[in-house]
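Okay, structure first, notes after.
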Amino acid sequence: MADAADEVARASSALTRSDLLRRGTVAAFTVSMFGGLTDRALGVYGPLKFAKKELSGELRIMTWAHFVPDYDKWLDGTYAKQWGEANDVEVKIDHINNALLYSTGAAEVAAQSGHDLFWFISPPATFQKQAIPVTDLVQEVSKKVGRMTRVSRKSTYNPTTKQFYGFPESYAPDPVQYRRSQLQQAGVSLRTWDDLRRGAPKLKALGHPVGLGMSNEIDSNMLLTSLLYCYGGYIQNEENRIVIGQGANRKGAIQALQVMKEIYQSGMSDEVFAWTAASNNQAFLAGRLSVALNAISIVRSAEDSGNQALSDDTWLASIPRGPVQRLGNEHVMGVYLIWKFAKNKEAAQKYVIDQMLSYQDHFVRSKFYNFPPWTNSIKGGFKTIRAVATRDAHKPKGKYSILTTIAEKYTTNPGHPGNTTPVMDEIYNTFLIPQMFAEVAQGKSSPADAVGRFATKAQSIYRKWHNQKLV
């Protein structure tokens, strides 16, 4: 079974540091773990109805439909409502399916009109020329709660422009979720990718195949890039140059493609080539899958459904180790952009700062899905995060504590060891990575040829963004 132990430069913006200090920032929340927000939690004593006139107008926010629906209910109906009343702003939040975020953002850019804050499910580096830099905001939060996590910095900082183009709002560790009874019955370990390769046919023979996507959706992007990391097949280096077609990176990528091909051919079904981001959740909850790599939406959905037998049998583990390392992408990296054409930039900037300065309710209300980009925005940092997660009452007791291990040790950004550049964002949003893996798994290409074609396409994308001086 899985081994748990293995487990700046300043840029101008519409709001200066002195502006932020003069207006003040939100007070620490004074709520119990599952309690409601109090007026004091937002720096307010008694109900106010747009009385202070500190800010004004309407703040329009676009975000996803969270995989933990209760979080959206709390965010819209309690948090945003009370923040708006405290700051004299009417907050309107729109939620859409995560698969529509990128195209909707592109439509707003084309129209030069839309929301003030736009949330993306992965770092939206291709849009950075359309967003105001937020370096001042990052510095303000860091001054109060300490350094940002590495995964958040590498996801939102452009070393070429020396600016933070986006404000990180959350990230989700990406654990393996597995049916413990089925893996025990088949005698399968998740310690390494080679263990899973050897065990996949046994699980499929039991009628419970492995579920690892190779489709044009975000889960497949994150999973398959993580597999490349484990085998040392980096797409780019620390200087953000494309290297997947060279030396050890090429060798590692070829090995990762071959391993996934064998897992698919012996232990999966062809449904994985047509999945959406919800498909592995649905297949696991229907009882078909034995193993999936996903954020905790799967196990939380099992708990919420009342299917205790399934939820008790769903355990969590770190990503399997490869011959080079154990390392995975975050599953979701929530990033806010403040459009240059936003009508209420001032309110947008204060909203993101205030949220980050006291984050524990966001962590708890999301049922540990949303981890803080600044660890100490939850007082006590990872120590508190682990303690809160460990106290979760669902069986097996303490199973959520492993999320902290994954976040601390095994979580990185798309584009590791470099930054999440516009090159990586375009590669992700054109789904070149799952297409490469699918071609090999289906026998349409050899691993070596697939890596070569991918490297050529990636180099072309790099030249495009290099010419725009963004990489």
Plane angle bin for Y157 and F164 - parallel if under 30°, tilted between 30 and 60°, otherwise perpendicular
tilted
Between K395 and D313, does any NZ, NE, NH1 or NH2 come within less than 4.0 Å of an OD or OE carboxylate oxygen?
no
Within 45° of the ring axis of Y400 and under 6.0 Å from its six-membered ring centre, is that where the NZ or CZ of R386 lies?
no
Apply the test side-chain contact (heavy atoms from CB on, under 4.5 Å) to residues F431 and M214: give CA-CA distance (whole Å), side-chain angles for both, the deciding distance (0.1 Å), then the verdict.
CA-CA 10 Å; F431 302 103; M214 287 179 275; over 6 Å; no
Hey, are D194 and R198 close enough for a salt bridge, meaning a charged N less than 4.0 Å from a carboxylate O?
yes
Got a salt bridge between E140 and K143, using NZ or NE/NH1/NH2 to carboxylate O under 4.0 Å?
no
Side-chain donor-acceptor contact under 3.5 Å, W465 with T421
no
Kindly assign one of parallel, tilted or perpendicular to the pair W64 and Y369, based on the angle between their ring planes and the thresholds 30° and 60°.
tilted
Are the aromatic ring centres of Y336 and F118 under 6.0 angstrom apart?
no
Rounded to the nearest 0.5 angstrom, the NZ-OG1 distance for K383 and T375 is 15.0 Å
I need the single residue from I406, T405, T404 that forms a side chain to side chain contact (heavy atoms under 4.5 Å, CB included) with E408. Which is it?
T404
Take the angle between the ring planes of W339 and F127 and call it parallel below 30°, perpendicular above 60°, tilted in between.
perpendicular
Would you mind reporting whether I61 and H115 have side-chain heavy atoms less than 4.5 Å apart?
no
Give a yes or no on whether the ring-centroid distance for Y264 and F273 is below 6.0 angstrom.
yes
Can you tell me if H95 has over 12 outside heavy atoms packed within less than 6.0 Å of its NE2?
yes
Can you confirm whether more than 12 heavy atoms, excluding those of K204, are under 6.0 Å from its NZ atom?
yes
Side chain to side chain, Q459 and F454, heavy atoms closer than 4.5 Å:
no
Taking CZ in R197 as the centre, count heavy atoms belonging to other residues, nucleotides or ligands within less than 6.0 Å. Is the count above 12?
yes
Determine whether H416 and N413 make a side-chain contact, defined as any pair of heavy atoms from C-beta on separated by less than 4.5 Å.
yes
With respect to F167, which candidate in F120, W374, W119 satisfies the ring-ring contact (aromatic ring centres under 6.0 Å, His included) definition?
W374
Are D312 and R179 ion-paired here, with the side-chain N under 4.0 Å from a carboxylate O?
no
D195 and T192: side chain donor to acceptor below 3.5 Å
yes
N158 side chain to L470 backbone, donor-acceptor under 3.5 Å
yes
Note: K367-E303 ion pair, threshold 4.0 Å (strictly below):
no
What orientation do Y462 and H466 show, parallel under 30°, tilted 30 to 60°, or perpendicular over 60°?
parallel
Is there a donor-acceptor contact under 3.5 Å linking the side chains of Q163 and Q128?
no
Examine the side chains of W275 and E217 and answer whether a donor and an acceptor come within less than 3.5 Å of each other.
no
